[in-house]
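Values in this document were obtained by computation on a predicted structure and should not be read as measured data. Heavy-atom basis, side chains included; hydrogens, waters and symmetry copies ignored. Start at 1 and go down the list; that is how both ligands and their atoms are numbered.
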Amino acid sequence: MAKRFTIILAAGKGTRMKSQYSKVLHQVCGQAMVEHVLTQVQALQPNKIITVIAPQSQQVRDLLGDRTQYVEQAEQLGTAHAVLQTEAALSSQTGTTLIMSGDTPLFTAATLEKLLAYHESQHAQATILTAHAPNPFGYGRIIRNAAGQVVKIVEQKDASAQEQAVQEINTGVYCFDNQKLFHYLHQVQNNNAQNEYYLPDVIGLMQQQHDQVSAYQMDNFEESLGVNDRSALAQATKIMQKRINQQHLQNGVTLIDPENTMIDVNVEIGADTVIEPGVALKAGTKIGQNCYISQGSRLVGAVLEDNVQVTSSTIEQSIMRAGSDIGPNSHLRPQADIGPAVHIGNFCEVKNATIGARTKIGHLSYVGDATVGSDVNIGCGVVFVNYDGQRKWHTDIGDQAFVGSNANIIAPVKISDHSFIAAGSTVTDDVPQHAMAIGRARQTNKNDYWSKLPLADDPHWR
Ligand code: UD1
Ligand code: CA
């Protein structure tokens with residue numbers, strides 16, 4: 001098989017996004033558009049992948065790393081000029097070059113593979129991937145002659161009224177004979193409405209000079225959506241969302257209202273898990289089987305084992321082990337490790353803490369920087385006082401300890417197995433096994449207090 005090369009164009013300014021960030025970095029379902037493109041391209045295992053970036057695109061380099069080579073385009077003079085920047089890296093090669101844009105995040109490897117196979121089977125010098133657009137506005141139009149052969153591509157801004165009526169569009173994906181590509185790129189002029197060097201002009205030049213140009217029309221226009229502004233970004237997200245959710249439904253996950261469930265790419269969900277609408281599952285989240293995630297929950301890089309219940313809660317970079325539950329309205333901040341069958345109830349926050357099996361933290365508590373054993377009861381409103389204004393300190397609580405309501409645990413402190421903390425205590429010292437710690441002012445009753453009050457005689461006050 002001939003060698004295959006890929007170029008991803010990602011240096012454009014993206015003016016229409018009205019953003020301080022590079023257009024191709026905007027995310028669709030938790031992944032930058034250019035990474036969507038690269039991931040699909042990588043599945044084709046080409047011999048080379050080169051991404052054309054603007055000079056200050058450190059963020060793109062940081063994101064994609066060594067999954068691609070890079071060349072810089074110093075000035076954004078158009079898509080043909082962008083491709084020309086790869087000349088030193090590519091022009092000596094023979095083979096097929098696939099060119100795509102970094103702002104078309106919905107193309108699948110399967111479609112690209114079909115295009116490449118078609119191009120190779122036609123022995124064409126160029127093959128354009130085209131689609132039929134219900135509303136072609138903004139896209140380059142495919143102009144064919146009476147015999148149906150592609151003659152040229154005309155950009156929206158350069159198109160006559162008659163050309164604008166054409167609904168077959170250039171998806172911005174092409175295969176070229178690599179040598180021919182660089183030969184023609186040098187002939188492209190910028191005498192057009194935008195004074196840019198257009199890559200699609202290569203097609204017209206090839207046709208004029210009797211090189212064979214073919215076109216492969218894909219049946220799904222949606223997949224070719226190009227994102228030039230925020231409304232197309234929202235549209236792309238909807239389409240990608242549908243695709244992702246469809247996959248989960250097929251895998252045996254119940255989504256009660258798929259249209260209102262936001263699941264990023266790279267999220268795993270086990271069968272028989274039920275997800276209510278209004279849930280957001282962000283990239284890196286892994287959910288086991290038979291879990292239940294209710295409305296308003298947001299999981300970011302969370303790991304849930306089987307049979308976990310999450311009720312309207314936020315979980316970030318934390319793990320909930322089998323059979324545990326949380327919520328409503330609780331928050332696991334990074335590095336919480338919630339043991340099997342643990343119950344975390346209403347309005348609790350847990351951060352950087354390991355909670356042993358079957359422990360209960362039922363109401364209104366803050367647990368930070370701690371190791372809590374198994375079968376512990378943390379009463380209502382317990383605060384792990386972990387921060388002294390400069391440093392964070394650790395708390396250790398042993399198995400089967402009982403921490404009464406409204407205790408303040410002043411770290412660093414160690415509360416041993418089977419010990420008790422009296423409700424309302426402020427604990428500053430270690431507590432040995434089987435002991436009861438009580439650290440609060442003793443109650444005194446001031447008798448006959450009422451009669452000493454200045455307003456005691458006032459009937460309104462009484
Ligand atoms: C382009 C095509 C159009 C096609 C559409 C499909 C051209 C002239 N037009 O239009 O026929 O229907 O895509 O989505 O190619 N870029 C650079 N350097 C530049 C200019 C652009 O790297 O100097 C990159 C952009 O980052 C982008 C891609 O090339 O990823 C396409 O550029 P864009 O300006 O979005 O072209 P469209 O107007 O969408
Ligand atoms: Ca575009």
Side-chain angles (χ1 to χ4, degrees), residues 6-17 19 21-26 28 32-38 41 50-57 59-60 64 68 70-86 99-107 126 128-133 135-143 150 152-159 163-164 166-174 176 181 185 188-204 215 217-218 221-233 235-236:
T6 307
I7 301 170
I8 301 173
L9 303 182
K13 294 193 206 84
T15 322
R16 291 165 279 183
M17 293 295 281
S19 172
Y21 307 107
S22 157
K23 172 166 73 172
V24 298
L25 287 174
H26 286 268
V28 170
M33 294 198 280
V34 68
E35 192 176 356
H36 279 287
V37 173
L38 177 61
V41 160
I50 304 177
T51 303
V52 183
I53 56 174
Q56 299 85 24
S57 301
Q59 285 173 302
V60 177
L64 304 180
T68 163
Y70 302 92
V71 299
E72 291 187 357
Q73 184 190 18
E75 267 185 292
Q76 281 64 63
L77 302 179
T79 45
H81 180 259
V83 176
L84 204 48
Q85 310 311 304
T86 68
I99 303 182
M100 317 183 49
S101 300
D103 66 351
T104 49
L106 299 169
F107 280 112
I128 315 153
L129 183 63
T130 75
H132 177 89
N135 172 13
F137 185 86
Y139 290 94
R141 308 298 207 285
I142 306 294
I143 308 302
V150 176
K152 59 176 178 173
I153 300 172
V154 183
E155 292 305 301
Q156 173 75 38
K157 288 183 179 156
D158 302 293
E163 288 165 338
Q164 284 184 18
V166 172
Q167 285 184 294
E168 188 181 8
I169 57 117
N170 170 24
T171 64
V173 182
Y174 325 76
F176 286 102
L181 170 66
L185 276 174
V188 173
Q189 303 291 313
N190 67 348
N191 49 352
N192 52 51
Q194 303 183 83
N195 291 113
E196 283 186 7
Y197 297 90
Y198 293 159
L199 177 59
D201 283 0
V202 167
I203 299 296
Q217 184 167 344
M218 56 193 288
F221 166 70
E222 265 193 357
E223 199 182 312
S224 72
L225 185 76
V227 174
N228 296 323
D229 57 26
R230 305 270 179 167
S231 96
L233 184 68
Q235 214 182 331

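Ala232 approaches Leu225 most closely through the heavy-atom pair O-CD2, 3.7 Å. Between Gly226 and Thr104, the shortest heavy-atom contact is CA-CG2, 3.8 Å. For Ala131 against Ser224, the heavy-atom pair with the smallest separation is CB-OG, 4.1 Å. Pairing each heavy atom of Ala159 with each of Val154, the nearest pair is CA-CG1, 3.4 Å. The nearest pair of heavy atoms linking His36 to Pro105 is CB-O, 3.5 Å.
Atoms of ligand 1 lying under 4.0 Å from any heavy atom of Gln76, numbered from 1 in the order shown and given with element: 23 (O). Short contacts between ligand 1 and Gly140, defined as distances under 4.0 Å to a heavy atom of the residue, involve ligand atoms 3 (C), 4 (C), 11 (O), 12 (O). Listed by number with element, the atoms of ligand 1 under 4.0 Å from a non-hydrogen atom of Gly102 are 30 (O). Every atom of ligand 1 with a heavy atom of Asn228 under 4.0 Å away is listed here by number and element: 35 (O), 39 (O). Proximity to Ala82 (heavy-atom distance under 4.0 Å) selects the following atoms of ligand 1: 17 (C), 18 (N), 22 (O).
Considering only non-hydrogen protein atoms, atom 16 (N) of ligand 1 sits nearest to Gly12 N, 3.6 Å. The protein atom (non-hydrogen) at minimum distance from atom 20 (C) of ligand 1 is Gly78 C, 3.8 Å. Protein heavy atom at the shortest distance from atom 36 (O) of ligand 1 is Arg16 NH2, 4.6 Å. With respect to atom 4 (C) of ligand 1, the closest heavy atom belonging to the protein is Asn170 O, 3.2 Å. Atom 3 (C) of ligand 1 has Glu155 OE1, 3.4 Å as its closest protein atom, hydrogens excluded (heavy atom only). From the protein, the heavy atom lying nearest to atom 21 (C) of ligand 1 is Thr79 CG2, 3.8 Å.
Within the structure, ligand 1 lacks Ile169 among the residues with a heavy atom less than 4.0 angstrom away. Under a 4.0 angstrom heavy-atom cut-off, Lys23 registers as being in contact with ligand 1. Ligand 1 lies nowhere less than 4.0 angstrom from a heavy atom belonging to Lys157. Residue contacts with ligand 1: Gln73 is included, with a non-hydrogen atom under 4.0 Å away.
At a cut-off of 3.0 Å, Asn228 is counted among the residues with an N, O or S atom near the Ca ion (ligand 2).
Within the 4.5 Å cutoff, no side-chain heavy atoms of Glu196 are placed close to those of Asn190. Residues Tyr197 and Leu84 have side chains not in contact (no heavy-atom distance under 4.5 Å, counting atoms from C-beta outward). Leu199 has its side chain within reach of Leu185: a pair of non-hydrogen atoms, C-beta onward, lies under 4.5 Å apart. Side-chain contact between Arg141 and Ile169 is present, with at least one heavy-atom pair separated by less than 4.5 Å. Between Tyr70 and Leu64 the shortest side-chain heavy-atom distance falls below 4.5 Å. In this structure the side chain of Phe176 reaches within 4.5 angstrom of the side chain of Ile203, judged on heavy atoms. In this structure, the side chains of Met218 and Thr171 come closer than 4.5 Å at one or more pairs of heavy atoms. A heavy-atom distance below 4.5 Å is not found between the side chains of Val202 and Tyr174.
Only the side chain of Pro200 comes within 4.0 Å of ligand 1, judged by heavy-atom distances. Residue contacts with ligand 1, taken as heavy atom pairs separated by less than 4.0 Å, do not involve Ala54 at all.
For atom 12 (O) of ligand 1, the nearest protein heavy atom is under 4.0 Å away. Within a 4.0 Å radius of atom 1 (C) of ligand 1, the protein contributes no non-hydrogen atoms. In this structure, atom 34 (O) of ligand 1 has a protein heavy-atom contact shorter than 4.0 Å.
The environment of CD in Gln59 is sparse: at most 12 heavy-atom neighbours from other residues, nucleotides or ligands sit within 6.0 Å.
With Thr171, Ile99, Thr15 as candidates, the residue nearest to atom 14 (O) of ligand 1 on a non-hydrogen basis is Thr171.
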For Thr68 and Thr51: C-alpha separation, side-chain torsions, deciding distance, then whether side chain to side chain donor-acceptor pair (under 3.5 Å) applies.
CA-CA 6 Å; Thr68 163; Thr51 303; 2.8 Å; yes
Quiz item: Is there a side-chain contact (heavy atoms from CB on, under 4.5 Å) between Glu163 and Ile143 once you walk through the steps?
Solution: CA-CA 7 Å; Glu163 288 165 338; Ile143 308 302; 3.7 Å; yes
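In terms of polar-atom proximity, defined here as any N/O pair under 3.5 Å, Thr104 makes no such contact with ligand 1. On a distance-only criterion, Gly172 and ligand 1 share no N/O pair closer than 3.5 Å. Where the criterion is an N or O separation shorter than 3.5 Å, residue side chain and backbone included, Ser101 fails it with respect to ligand 1. Considering backbone and side-chain N/O of Leu9, one or more are found under 3.5 Å from N/O of ligand 1. Considering backbone and side-chain N/O of Ala11, one or more are found under 3.5 Å from N/O of ligand 1. Here's the thing with Tyr174: none of its N/O atoms is less than 3.5 angstrom from an N/O atom of ligand 1.
Side chains of Gln73 and His81: a donor-acceptor N/O pair is present below 3.5 angstrom, by distance only.
Looking only at N/O/S atoms, Asp103 comes nearest to the Ca ion (ligand 2) through OD2.
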